[in-house]
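What follows is a set of notes on a single structure, which appears directly below.
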Amino acid sequence: MDQLLRSPAITAGLTKVEARIRRLSGSSALPAINAGAGRIVSAGGKRLRPAMTLAASLALGKALDRRVITAAACVELIHAGSLVHDDLMDRATERRGARTLNAELGDGKALVIGDFMLARAGLAAIVNVSRPVAEVLAAVVVELAEGQYLETADLFNTARTRQNALRSITGKTAALFRAGCLVAAVCAHASAEDRARMAAYGEKFGLIFQVLDDLLDLTATSEQLGKPAGNDLRQGVYSLPLLMSGADLDGLLGRDMSDEQVAEALRRLRASRMTEETIAYCRGLAADALAALPVIHDHEMAGLLYGLPAAYIDQVERMTHLTPVS
Ligand code: FPP
Ligand code: MG
């Protein structure tokens, strides 16, 4: 991941994407909306999704023109807008070390600022990029809402199936990575086959990203995460790593778990095969991602895109080994 984000070609493009994100998030007629949206986009974030859009564009031989820069900015704006909604639904008070909009302004204002960000991305895509790109982005907002709905519908469901968990994360996370790669291919006027290949690569990587995020929620310490460990357990999100663990959690899961119950559930999960199973699953997804990639003539971008899935899995695997099993 660091390699991608540190590539000079990508960082040069990301500087332009950043300026575009700031312009778009500050473009409301209402200064209070600009202030709220501006706070969210300034609060950090790795800009991984737009970086992948830029890498996919360069990989397909397309220079980083205004259209692809705007498309990448729209992808990040959709991500940031969806996080505003997510924090509201989670009643979260902090993200990336900053107070959430719902904590700062109340739910109503946070909700409409999130809406503004999603809508503004759609408007920029249709006006400043192209109709096909706008279509991809409109479709991904539909998928985000569906994926999040599926997660919400399964909260505290101890009979949740792996298939349902997979369907939810495909919509709520993988779809936006897929769209980020696909818009690059659309801007590059790539063939239908190359579009499908780039999209599949993005989706597989997006799945890896979410599955590992879910694993870290159950294995990393609160210090490593910057938020309380076991958040998903408390909130009733029984994620794919938990469902693959084979751990006996009978009688432990449920609403209003005590700190002791959360600690015991985490202990059992960490003592189970959860980490090995999850990492192995992700390595399978990584193989699928690489197999999907189209032929890439740009040497540097080929290295970055081929290396990204395994590098991220290795990074998370190292983190999980650093966590003492208590
Ligand atoms: C963060 O994941 C949340 C998402 C990836 C997507 C959230 C999507 C929505 C709230 C739907 C948005 C609505 C529209 C209309 C697009 P997480 O909750 O697993 O991770 P976290 O620990 O960062 O909160
Ligand atoms: Mg959340």
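As the structure lists them, so they are numbered: ligands from 1, and atoms in each ligand from 1.
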Practice task
May I ask whether Arg95 has any heavy atom positioned less than 4.0 angstrom from an atom of ligand 1?
Solution key: yes
Practice task
Check whether any heavy atom of His79 sits under 4.0 Å from an atom of ligand 1.
Solution key: no
Residue portion contacting ligand 1 (non-hydrogen atoms closer than 4.0 Å) for [X]:
X      : value
Thr173 : side chain
Gln148 : side chain
Leu83  : side chain

Practice task
Decide whether Arg20 and Thr70 meet the rule of one side-chain donor and one side-chain acceptor closer than 3.5 Å.
Solution key: yes
Measuring from [X]:[atom1] to [Y]:[atom2], what's the distance to the nearest 0.5 Å?
X      : Y      : atom1 : atom2 : value
Ile78  : Met117 : CD1   : CE    : 10.5 Å
Leu77  : Arg120 : CG    : CZ    : 8.5 Å
Met244 : Asp214 : CE    : CG    : 9.5 Å
Leu212 : Asp217 : CG    : CG    : 12.5 Å
Leu101 : Asp87  : CG    : CG    : 8.0 Å

What atoms of ligand 1 come closer than 4.0 angstrom to any heavy atom of [X]?
X      : answer
Leu118 : 14 (C), 15 (C), 16 (C)
Val141 : 16 (C)
Gln210 : 19 (O)

Starting from [atom], find the nearest protein heavy-atom neighbour and note its residue, name and distance.
atom                    : answer
atom 13 (C) of ligand 1 : His85 ND1, 3.4 Å
atom 20 (O) of ligand 1 : Asp213 OD2, 3.9 Å
atom 22 (O) of ligand 1 : Lys227 NZ, 2.5 Å

Handout entry: For the Mg ion (ligand 2): the N/O/S atom of Asp90 at shortest distance
Key = OD2
Problem - Proximal heteroatom of Asp86 relative to the Mg ion (ligand 2) (N/O/S) - result: OD2
Do [X] and [Y] have side chains that get closer than 4.5 Å, going by heavy atoms?
X      : Y      : value
Met1   : Leu308 : yes
Met319 : Thr221 : no
Leu118 : His85  : yes
Met301 : Ser7   : yes

Problem - Heavy-atom proximity to atom 18 (O) of ligand 1, best of Ile78, Val84, Asp86 - result: Asp86
Problem - Min N/O separation Lys172 to ligand 1 under 3.5 Å - result: yes
